[in-house]
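Below: one structure, written as structure tokens.
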Amino acid sequence: AVRRRPGGPGPGAHRPDRRRVDLPGGYGPEAPEYGCRRSRGPGGDPGAGGQRVFAAFPGKALSEIGKILSGDMDKYVDIYITDNHILFEFEDTIVLSRLIEGEYFDIDRMISSDYNTKIVINKREFQNSLERSTLFIKESDRKPIVLSISDDKVSMTIKSALGSFDEEIDIDKEGKDLIIGFNPKFVIDALRVIDDEQVSAYLVNARSPFIIKNDDETYLYLILPISI
């Protein structure tokens, strides 16, 4: 639910557990449309003595926030978490979403320093290609994009009722060749907020997460694969 109001809560108003993060980034794993993702960006670490909070909630909530923020990266969002809901507050807007019940993935165990394949790819070329691929995907289809990684290139393909998509991009690769499928929209979300000209992705196999991070790990994006 999205509600606009002229001012914030009055003095003495009760607030649930509070964290302040700079979107995008933070430690909020989103419930998937298909596949799933987790991100950590600059400013997301609570720092020494802070409490790290995890919550699973529908990705539509972040989509609504992204539309309202209109790309202003300097805005801060206050996040409040109760047992059943998560509330985002900024300026004159409140976004309220339910939390998803049950245990979420143990993400920390899924993030490993070991990998069988590493690729370095031009961020803009990768992002533009993925955005073009979404033109061939209906929301109801849930079609993954398939990456075929070889020595010096990655081939990206989609086949759907709307047609076929097939593009190649030059890469630097370490390790094994690999074929993997995932939701392109989640990778696009990560690439949009990365300023680096080149990005590095780490993979273990077709069933393990696709991880985008830099050497200092000032950002880390994890996308679970989809069976192909």
Side-chain angles (χ1 to χ4, degrees), residues 2 23-26 28-41 56-73 95 97 100 105 107 117 119-150 153-171 173 178-203 206-214 219-228:
V2 179
L23 292 183
E30 303 89 34
E33 297 171 5
Y34 59 101
C36 74
R37 58 187 168 181
R38 178 190 173 188
S39 65
R40 182 174 75 230
F57 55 91
K60 186 177 180 180
L62 286 188
S63 297
E64 293 293 337
I65 293 170
K67 294 175 185 177
I68 298 169
L69 288 178
S70 302
D72 188 343
M73 303 302 292
V95 179
S97 175
I100 296 175
F105 299 102
I107 300 295
T117 305
I119 65 171
V120 179
I121 188 169
N122 181 276
K123 191 211 80 164
R124 184 173 296 276
E125 290 184 10
F126 192 23
Q127 179 180 337
N128 289 345
S129 186
L130 290 173
E131 288 177 345
R132 286 191 292 270
S133 77
T134 61
L135 299 175
F136 296 85
I137 304 173
K138 291 182 178 179
E139 291 292 336
S140 57
D141 285 344
R142 298 188 175 184
K143 289 283 187 180
I145 188 167
V146 178
L147 265 63
S148 299
I149 300 170
S150 59
K153 65 183 179 181
V154 57
S155 174
M156 293 174 282
T157 59
I158 285 179
K159 293 183 179 180
S160 71
L162 298 178
S164 298
F165 172 86
D166 191 346
E167 288 191 9
E168 291 184 350
I169 299 178
D170 293 336
I171 60 171
K173 189 202 77 170
L178 182 65
I179 298 176
I180 188 171
F182 55 83
N183 183 342
K185 294 181 180 179
F186 292 165
V187 182
I188 291 170
D189 287 345
L191 296 176
R192 282 177 177 168
V193 297
I194 295 175
D195 293 329
D196 297 341
E197 182 178 348
Q198 304 284 328
V199 295
S200 299
Y202 300 82
L203 307 98
R207 298 179 301 278
S208 298
F210 179 95
I211 297 175
I212 299 173
K213 64 179 181 178
N214 60 356
Y219 61 79
L220 186 150
Y221 297 88
L222 181 151
I223 299 96
L224 290 188
I226 301 171
S227 297
I228 56 176

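These values consider heavy atoms only, across backbone and side chains, with no hydrogens, waters or symmetry-generated copies. Computed from a predicted model, the values in this text were never measured in an experiment.
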If I compare all heavy atoms of [X] with all of [Y], which pair ends up nearest, and what's the gap?
X      : Y      : value
Ile158 : Ile145 : CG1-CA, 3.6 Å
Ile180 : Ala206 : CG1-O, 4.0 Å
Ser129 : Phe165 : O-CZ, 3.3 Å
Lys123 : Ile194 : NZ-O, 2.8 Å
Asn183 : Ile226 : N-CD1, 3.5 Å
Leu224 : Phe182 : O-CB, 4.2 Å

Exercise for the section: Could you list the residues that satisfy side-chain contact (heavy atoms from CB on, under 4.5 Å) with Glu131, not counting sequence neighbours? Expected result: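 For Glu131, the residues satisfying side-chain contact (heavy atoms from CB on, under 4.5 Å) (neighbours in sequence not counted) are Gln127, Asn128, Ile188, Arg192.
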
Handout entry: By side-chain contact (heavy atoms from CB on, under 4.5 Å) - contacts of Ser208 (at least two apart)
Key = Val204, Asn205

Out of curiosity, [X] [atom1] to [Y] [atom2], how far, rounded to the nearest 0.5 Å?
X      : Y      : atom1 : atom2 : result
Leu178 : Ser148 : CG    : OG    : 9.0 Å
Phe210 : Ile119 : CZ    : CD1   : 5.0 Å
Ile149 : Thr117 : CD1   : OG1   : 6.0 Å

Exercise for the section: Take Leu162 and Ile137 through the side-chain contact (heavy atoms from CB on, under 4.5 Å) test and state the conclusion after the steps. Expected result: CA-CA 7 Å; Leu162 298 178; Ile137 304 173; over 6 Å; no

Practice task
Go through Phe136 and Lys143 one step at a time and tell me if the side-chain contact (heavy atoms from CB on, under 4.5 Å) criterion holds.
Solution key: CA-CA 9 Å; Phe136 296 85; Lys143 289 283 187 180; over 6 Å; no

Problem - Trace of the side-chain contact (heavy atoms from CB on, under 4.5 Å) decision for Val187 with Phe126 - result: CA-CA 9 Å; Val187 182; Phe126 192 23; 4.0 Å; yes

Problem - Pairs involving residues 154-171, ordered by first then second residue, that meet salt bridge (Lys or Arg N to Asp or Glu O under 4.0 Å) (sequence neighbours left out) - result: Arg132-Glu167, Lys153-Glu168

Exercise for the section: For atom CD1 of Ile179, decide whether the heavy atoms of other residues, nucleotides or ligands shown that lie under 6.0 angstrom number more than 12. Expected result: no

